[in-house]
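Notes for the one structure printed next.
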Amino acid sequence: MTELLLIIVATVLVNNLVLVSFLGLCPFMGVTRSPEGATGMALATGFVLTLSSAVGYLLYTWVLVPLSLEFLRTLVFILVIAGLVQLTELTVRATSPLLYRVLGLYLPLITSNCLVLGVALLNLTAADSFVQSVVFGAGAAAGFALVMVLFAGLRQRLEGEQVPVPFRGAALAMITAGLMSMAFMGFIGLVPT
Amino acid sequence: MTLAWAVMVLGGIALALGVGLAIAARRLRGSDDDLVERIDALLPQTQCAQCGYPGCRPYAAAIAADEAPVNLCPPGGQYTADRLARLLGREPEPLDPSRPAPVPPQVAVIDETRCIGCHLCVQACPVDAIVGSHQMMHTVIASECTGCELCLPPCPVDCIALVATPARAQPRTARPVRAVATEALQ
């Protein structure tokens with residue numbers, strides 16, 4: 001139990017995949033203009049993340065390792081992620097057409113989000129059991145959601161500020177992201193390694 | 001041997017995903033959206049909110065979800081209510097009497113001698129039927145005006161009046177900008 005809690009704290013705060021490992025920067029910069037879009041994207045990506053790390057772990061342990069096909073893991077994970085993203089897209093379109101319109105192109109782009117593949121691959125070394133791998137995926141999803149929502153809030157606040165011309169737009173977003181990343185460095189030491 | 005297993009594993013996973021997605025696609029079809037578009041196309045696009053919804057599209061969504069009757073649109077009048085009923089295969093109903101009575105076809109007219117060029121009515125107009133720039137006299141394009149009365153409240157000098165137009169038998173519906181532009185160019 002303590003171990004699972006440690007995994008969650010580690011993935012959400014200490015080794016936050018966006019701010020510390022710099023994975024998944026495309027949606028982090030792309031869909032954080034409004035908190036609604038960021039929340040929807042975080043939920044959709046979180047769904048794919050949790051499921052893909054669970055399915056990926058099962059396939060790796062029960063199919064690839066017994067057949068000594070470990071070298072196929074990247075290919076298999078990409079296949080699984082692509083299928084899950086399609087499923088998510090169908091679900092979002094059926095349940096919330098408005099969100100579908102807000103997310104637009106970024107929804108199918110979850111497939112190429114390195115965060116998802118990265119978590120599935122990191123999972124193999126970080127998790128020893130099925131439960132741990134699911135918690136690892138969910139923790140990564142929660143960390144991603146936290147950062148997305150925080151960043152969207154910051155950007156919305158900055159929108160109303162008088163920013164010098166050279167810093168407007170992407171430049172300010174990059175600086176904000178860098179400052180956030182430095183702030184998250186403060187969590188190192190929270191979990192004993 | 002390894003190669004055969006590799007092909008079988010990848011093929012099997014792909015096949016399972018394909019079948020799963022096909023089933024999911026059939027279960028979760030988003031046909032609602034399509035219906036909303038078709039209902040929205042029949043509404044007058046005045047965005048006047050007299051139906052109790054924030055605009056025409058939310059009202060269309062409510063009709064599509066079976067949450068609202070089709071007879072709540074005063075600018076559209078009986079004509080729109082009948083067309084909506086026909087589209088949805090429902091019984092035609094008279095207009096809801098609790099809504100403002102359907103006014104006879106009317107257009108807004110600006111008394112140009114009193115207009116101060118404040119531009120407020122231009123921003124209020126949902127169909128871009130008012131032309132004129134800041135500090136200049138404004139006027140209404142009668143053929144585009146839907147008579148929705150939304151330009152009346154913002155006018156600070158009350159220089160806009162609505163006059164009945166006997167010519168039109170059916171309410172105008174807003175047309176796409178492209179259609180209007182092509183027509184004007186020809």
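In what follows, chains are A, B, ... by sequence order, proteins preceding strands, each numbered from 1.
Heavy atoms only, all atoms of each residue included: Leu90(A) and Leu21(B) are closest at CD1-O, 4.1 Å.
Atom CG of Leu17(B) sits about 7.0 Å away from atom CG of Leu84(A), to the nearest 0.5 Å.
Side-chain heavy atoms closer than 4.5 Å link hydrophobic residues (I, L, V, M, F, W, Y) into clusters, and following such links, possibly through other members, connects Val14(A) to Val147(A). Under a hydrophobic-cluster definition in which Ile, Leu, Val, Met, Phe, Trp and Tyr are linked whenever side-chain heavy atoms come within less than 4.5 Å, directly or via other members, Ile188(A) and Leu13(A) are assigned to the same cluster. There is a path of hydrophobic side-chain contacts, each under 4.5 Å, that joins Tyr57(A) to Trp62(A). Under the 4.5 Å side-chain heavy-atom criterion for Ile, Leu, Val, Met, Phe, Trp and Tyr, Leu120(B) and Ile160(B) are members of distinct hydrophobic clusters. When the side chains of ILVMFWY residues are joined at heavy-atom separations under 4.5 Å, either directly or via intervening members, Val131(B) and Val157(B) end up in two distinct hydrophobic clusters.
At a heavy-atom separation below 4.5 angstrom, chain B is approached by Phe71(A), Leu72(A), Leu75(A), Val76(A) within residues 70-78 of chain A.
The choice from Leu59(A), Val80(A), Leu79(A), Thr91(A) that makes the most heavy-atom pairs within less than 4.5 Å of chain B is Leu79(A).
More than 12 heavy-atom neighbours from other residues, nucleotides or ligands sit within 6.0 angstrom of CE on Met185(A). Counting heavy atoms of neighbouring residues, nucleotides and ligands inside a 6.0 Å radius, atom CD of Glu3(A) does not exceed 12 of them.
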